[in-house]
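Note sheet for the following structure.
Along the sequence shown, residues are numbered consecutively beginning with 1. Remember, it's 1-based here, ligands and their atoms both numbered in the order they're listed.
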Amino acid sequence: MNILILGGGGREHALAWAVLQNPKCDKLIVAPGNGGISQIAQCAAIEPTDAGAVLDLCAEETVDFVIIGPEAPLAAGVADSLRDAGILTFGPSKAAAELEASKSFTKAICDACGAPTARHARFTEAGPARAHVRLKGAPIVIKADGLAAGKGVIVAMDEATALAAVDDMFAGAFGGAGAAVVIEEYLTGEEASFFVLCDGETVLPIGTAQDHKRAGEGDTGPNTGGMGAYSPAPVMTDAITRKTMEDIIKPTMAEMVRRGVPFQGVLFAGLMIDDGQPRLIEYNVRFGDPECQCLMLRLGAQALDLMLATAEGRLGEVAVTFADDHAMSVVMAAENYPGAYEKGSVINGLEDMPETSFEICFHAGTTREAGRFVATGGRVLALTARGDSLRDARDKAYGLVDRVDWPQGFCRHDIGWRALPD
Ligand code: AMP
Ligand code: GLY
């Protein structure tokens, strides 16, 4: 079958790699792709949010199945356009993608189905929002209601920071995403990422991970898209996983069906675990990046079968084969990311990187220019490895980091520190 993946980050490189492990794939196109993806698949220079361009590409290349990687095309309704055109598609409708695109929509779903989450209130004007901050005090969390590329959340440890965040959001710091602001209770505990596939009805867990969102070692510094991840997350014990399914995921999916917006695709629940109790921090309607890099290495070729079963409404007929393995992904980013960073530096050492189901260098923000790889993004590479133990996966992933010759890049050296404290 001919397959199209939309997106061009490390997540999409990992999806592309996994899809190519499966003999069902005859031809793979990635749009727009990146320098690393161009080495394994055909890349098409179109905007993934442009439904017309995506449909034209599907017609030209006789595409049978589309996998949508990032949230932007989902929130723009590209999955709806594809399904209307009769093309099999992995990814939720625009209406179901509200689970990520609108924090207040998710809160309303949680309220309706009783899923445990932080207490919250929504404001459309600065005055009442400021009064609420003063009433509740710090620590407190201020969130832009809409999509803000992962940047619209301020965890304020003091009242002044919270009030400044409210003012910034209503002053347009996050554009339209901040026209409404959600203020919520500060949760403590350990965070974990939980991934399930859903075909509208059946829900199938496909793995857990822990991400490192801060730019600096010891989880300090500014929030990023994610500087490294590992899977599985030890905090997600069988008991907590069961509780998450029964208290949070299944009720959410049932409430979506009740509202006439069944969810089809991958649901990524960001959880806070405290005292044996999981609470929902947020939903994303796509794979996490770099969590996906770990999951794809662990799932391998079956990832395509699982995504096909999701799109075809057959999840009840399939099972996931989990190996007793561990994976880690270490992100290399451009110096000063997530602040302003330079583009265009040359990365050496990538040509002879291993590319096996145990060690692989996924590209996130690179392009190929005159036979060399050049950095074009903030997060640039995701060095990913798998082993019998997390320690083994970590040693292999950092072994890959050591092979990269890129003076303008940096990585965190402590990915996995909670699970490997020494
Ligand atoms: P989000 O984009 O909603 O995942 O938020 C980004 C990060 O902010 C999360 O990964 C958490 O570390 C933190 N965060 C969000 N909401 C809360 C909360 N209610 N309590 C504590 N930390 C939070
Ligand atoms: N790594 C977190 C995310 O993809 O949102």
Side-chain angles (χ1 to χ4, degrees), residues 7 9-12 14-15 69-72 74 99-107 110 116-121 133 136 138-157 161-162 165 169 174 177-178 181-195 207-215 219-231 233 235 266-274 277-296 328-331 333 338 362 364 378-379 382 384 412 415 418:
R11 166 182 51 214
E12 287 75 26
L15 289 167
E71 65 275 20
L74 295 167
L99 278 178
E100 174 164 359
S102 165
K103 297 200 187 295
S104 53
F105 176 84
T106 296
K107 291 294 190 186
C110 288
T117 183
R119 281 191 295 271
H120 55 278
V133 167
K136 297 287 177 185
I140 194 162
V141 182
I142 317 293
K143 300 186 174 184
D145 192 9
L147 279 183
K151 299 194 181 85
V153 175
I154 309 292
V155 179
M157 298 314 286
T161 306
M169 284 187 195
F174 299 104
V181 167
V182 172
I183 301 186
E184 58 179 55
E185 168 197 13
Y186 173 75
L187 299 176
T188 53
E190 187 167 348
E191 280 185 58
S193 307
F194 183 55
F195 296 87
T208 65
Q210 194 162 102
D211 183 18
H212 298 58
K213 287 221 168 81
R214 304 296 195 97
D219 292 335
T220 56
N223 256 318
T224 71
M227 294 300 293
Y230 57 94
S231 170
V235 66
V266 59
L267 185 71
F268 158 8
L271 303 170
M272 187 74 88
I273 322 291
D274 194 24
Q277 174 65 50
R279 285 194 178 73
L280 182 76
I281 296 178
E282 63 158 6
Y283 281 128
N284 297 297
V285 298
R286 50 167 177 87
F287 284 104
D289 185 339
E291 292 96 322
C292 184
Q293 288 84 319
C294 295
L295 293 180
M296 289 305 122
M328 182 178 286
S329 188
V330 178
V331 169
F362 292 122
R379 292 189 295 168
T384 309
R412 278 182 58 170
I415 302 304
R418 274 178 210 278

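Counting only distance, with no hydrogens or angles, the side chain of Thr208 and the backbone of Ala233 share a donor-acceptor pair below 3.5 Å.
The line from CD1 of Ile142 to OH of Tyr186 is 13.5 Å long, rounded to the nearest 0.5 Å. Atom CD of residue Glu185 and atom OG1 of residue Thr117 lie 8.5 Å apart, to the nearest 0.5 angstrom.
What you find for Cys110 and Leu280 is that their closest heavy atoms are SG-CD2, 3.7 Å. Scanning both residues, Thr224 and His212, for their nearest heavy atoms gives OG1-O, 4.3 Å.
Considering only heavy atoms from C-beta on, Arg379 comes within 4.5 Å of Asp289 through its side chain. The shortest distance between side-chain heavy atoms of Leu99 and Leu267 falls below 4.5 Å. With contacts defined as side-chain heavy-atom distances shorter than 4.5 Å, the pair Val153/Glu282 does not qualify.
Residues Tyr230 and Gln210 bring a donor and an acceptor atom of their side chains to less than 3.5 Å of each other.
Counting atoms of ligand 1 from 1 in the listed order, those under 4.0 Å from a heavy atom of Lys143 are 3 (O), 15 (C), 16 (N). Residue Val155 approaches ligand 1 through these ligand atoms, each under 4.0 Å from one of its heavy atoms: 8 (O), 13 (C), 14 (N). Ligand-side atoms of ligand 1 in range of Glu184: 16 (N), 17 (C), 18 (C), 19 (N), range being under 4.0 angstrom from any heavy atom. Of all atoms in ligand 2, numbered sequentially from 1 with element shown, those under 4.0 Å from a heavy atom of Glu291 are 1 (N), 2 (C). Near Phe268, meaning under 4.0 Å from one of its heavy atoms, ligand 2 places the atoms 3 (C), 4 (O), 5 (O). Using a 4.0 Å cut-off to heavy atoms of Gly288, the atoms of ligand 2 that qualify are 4 (O). For ligand 2, the atoms closer than 4.0 angstrom to any heavy atom of Gly225 are 1 (N), 2 (C), 3 (C).
Both the backbone and the side chain of Leu187 come within 4.0 Å of ligand 1, judged by heavy-atom distances. Heavy atoms of Arg11 found under 4.0 angstrom from ligand 2: none, in either backbone or side chain. With a 4.0 Å cut-off on non-hydrogen atoms, Glu185 touches ligand 1 through its backbone and not its side chain.
Protein heavy atom closest to atom 5 (O) of ligand 2, with residue, atom name and distance, is Arg286 NH2, 3.0 Å.
In the candidate list Val153, Thr188, Thr117, Val153 is nearest to atom 5 (O) of ligand 1, counting heavy atoms. Of all the listed residues (Arg214, Lys103, Arg119, Glu191), Glu191 holds the heavy atom that lies closest to atom 10 (O) of ligand 1. When Met272, Glu282, Glu100, Arg279 are checked for heavy-atom proximity to atom 22 (N) of ligand 1, Met272 turns out nearest.
Of the N or O atoms in Lys213, none lie within a sub-3.5 Å distance of an N or O in ligand 2. Annotation: Tyr186 places no N or O atom under 3.5 Å from an N or O atom of ligand 1; distance criterion only.
Between Glu184 and Lys107, at least one side-chain N (NZ, or NE/NH1/NH2) sits under 4.0 Å from a carboxylate O, which counts as a salt bridge.
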